[in-house]
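Contents: one structure, followed by commentary.
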Amino acid sequence: MSTIVDIEKLNLYYGDFHALKDVDMKIKPKSITAFIGPSGCGKSTLLRTLNRMNDMIKGIRIQGKVNIKGTNIYDPNVNVELLRKEIGMVFQQPNPFPKSIYDNVAYGPRIHGISNKNELDELVEKSLRGAALWEEVKDHLKKSAYGLSGGQQQRLCIARALAVNPEILLMDEPTSALDPISTLKIEELVQELKEDYTIVIVTHNMQQAARVSDQTAFFLNGEVVEFADTVNLFSNPEDQRTEDYITGRFG
Ligand SMILES: Nc1ncnc2c1ncn2[C@@H]1O[C@H](COP(=O)(O)OP(=O)(O)OP(=O)(O)O)[C@@H](O)[C@H]1O
């Protein structure tokens, strides 16, 4: 089975605090991987290492390798801007720009040099379709993104990420600010996106991990305690700590 993300012996320190400990993980292309575990165990930290979002944090130290498509993204000669184009990110709070729906989606392509109107129109439509939002917004693309509901804003943020044609999508608790119906829509969307993208999703919601993901990693105190097929991890965990967590004994 091929691997798109290969994390080897990754250790991360915030100053003296050892936040990720000897993490090894291989992620398959076009799969959905869920990160679960109690608050503060390192899920978001690991997610952010995958597109070097942690780079700017003062006092951070990273050891080990994150190989993406065979390149260690912590190599000094890696172009971080290009890396972030290939690895999109969606955050917990929908964070559209104070711009029109159209301009939100066209933002990334424009930055990467696309200015032809027809090309942009096509990309905007394709991305909004990809994010299952096109039908709801096609007649008012020039209206402010702030007029959309929270769930629609989150799908707009997904469209914005798709517009630069990434291979990997990182999602940090993308539904935690949404109502149940919007949550379900995003979950359905994530499963559709798997056809074309590799997805890594941090979630506090174990049912969500069980519903959407192919593989699940259970984190505890900066360690990946168990990483397995989701069905196996939830039905037959190997580690007692995983079992305690998924049966609600702590966390
Ligand atoms: N910028 C930072 N500086 C110092 N410590 C940090 C920083 N970011 C995170 N931490 C610490 O690293 C640990 C892991 O945090 P992280 O946000 O990765 O956890 P998490 O599992 O995603 O938690 P949650 O589920 O609450 O979002 C926590 O103890 C946190 O306080």
Side-chain angles (χ1 to χ4, degrees), residues 5 7-25 27 32-66 68 73-74 80 83-84 87-95 150 154 157-158 161 168-178 180 182-183 186-187 190 198-213 215-228 230 233-234 237 239-251:
V5 177
I7 303 168
E8 288 178 66
K9 276 237 171 278
L10 190 75
N11 283 278
L12 184 147
Y13 301 82
Y14 293 115
D16 293 336
F17 179 66
H18 196 175
L20 291 176
K21 299 169 187 162
D22 283 337
V23 173
D24 287 306
M25 190 182 293
I27 294 176
I32 303 175
T33 301
F35 291 176
I36 64 166
S39 199
C41 61
K43 306 179 294 292
S44 299
T45 298
L46 184 64
L47 192 77
R48 291 193 303 253
T49 60
L50 302 183
N51 68 350
R52 292 186 47 176
M53 285 291 280
N54 293 320
D55 275 16
M56 304 306 283
I57 297 173
K58 237 181 132 211
I60 202 164
R61 256 186 320 130
I62 297 170
Q63 296 164 349
K65 284 187 184 170
V66 176
I68 296 190
I73 63 166
Y74 286 93
V80 178
L83 176 77
R84 300 217 179 106
I87 307 173
M89 189 146 189
V90 176
F91 299 88
Q92 186 169 358
Q93 289 290 341
N95 60 349
Q154 195 60 306
C157 293
I158 293 172
I168 301 175
L169 267 185
L170 308 177
M171 302 181 133
D172 198 349
E173 296 186 44
T175 63
S176 64
L178 304 182
S182 305
T183 295
I186 300 270
E187 288 184 8
V190 166
T198 304
I199 295 169
V200 186
I201 180 168
V202 171
T203 178
H204 264 126
N205 180 332
M206 278 191 274
Q207 284 79 22
Q208 179 167 76
R211 277 195 297 266
V212 306
S213 72
Q215 269 84 37
T216 297
F218 169 59
F219 289 66
L220 195 61
N221 298 327
E223 267 180 69
V224 174
V225 169
E226 191 160 346
F227 177 54
T230 298
L233 187 130
F234 283 102
D239 194 290
Q240 186 62 43
R241 293 167 294 176
T242 314
E243 180 163 348
D244 289 347
Y245 184 72
I246 62 174
T247 54
R249 256 171 253 159
F250 72 93

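Keep in mind that the numbers below use all heavy atoms, side chains included, and drop hydrogens, waters and symmetry copies. Every number for a ligand or one of its atoms is a count from 1 in the order of the listing. Along the sequence shown, residues carry numbers from 1.
For residues 47-57, the pairs satisfying salt bridge (charged side-chain N to carboxylate O under 4.0 Å, His left out) are Arg52-Asp55, with sequence neighbours left out.
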Evaluate the criterion side-chain contact (heavy atoms from CB on, under 4.5 Å) for residue pair Arg211 and Asn205; output intermediate values, then yes/no. CA-CA 10 Å; Arg211 277 195 297 266; Asn205 180 332; 4.3 Å; yes
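Between atom OG of residue Ser176 and atom CD of residue Gln93 there is a gap of 7.0 Å, rounded to the nearest 0.5 Å. Taken to the nearest 0.5 Å, the CG atom of Asp22 stands 12.0 Å off from the CD atom of Glu8.
In the vicinity of Cys41, heavy-atom distances shorter than 4.0 Å reach the ligand 1 atoms 19 (O), 20 (P), 21 (O). For ligand 1, the atoms closer than 4.0 angstrom to any heavy atom of Ile57 are 1 (N).
Using a 4.5 Å heavy-atom threshold, the side chains of Val5 and Met25 count as separate.
For atom 31 (O) of ligand 1, no protein heavy-atom neighbour is present inside the 4.0 Å cut-off.
Atom 17 (O) of ligand 1 has as its closest protein heavy atom Ser44 CB, 3.8 Å. In this structure, the protein non-hydrogen atom closest to atom 27 (O) of ligand 1 is Glu173 OE2, 3.6 Å. Of the protein's non-hydrogen atoms, Tyr14 CE1, 3.2 Å is the one closest to atom 10 (N) of ligand 1. Nearest non-hydrogen protein atom to atom 26 (O) of ligand 1 is Ser39 OG, 2.5 Å.
Exactly one residue among Ile68, Leu83, Leu50 makes a side chain to side chain contact (heavy atoms under 4.5 Å, CB included) with Ile168. That residue is Ile68.
With distances taken over non-hydrogen atoms, the option nearest atom 13 (C) of ligand 1 out of Gly40, Gly15, Gly42 is Gly40.
Contacts between Thr45 and ligand 1 below 4.0 angstrom, taking non-hydrogen atoms only, involve backbone and side chain alike. Contacts of Phe17 with ligand 1, taken as heavy-atom pairs under 4.0 Å, involve the side chain alone.
Donor-acceptor pairing under 3.5 Å is lacking for the side chains of Ser182 and Gln154.
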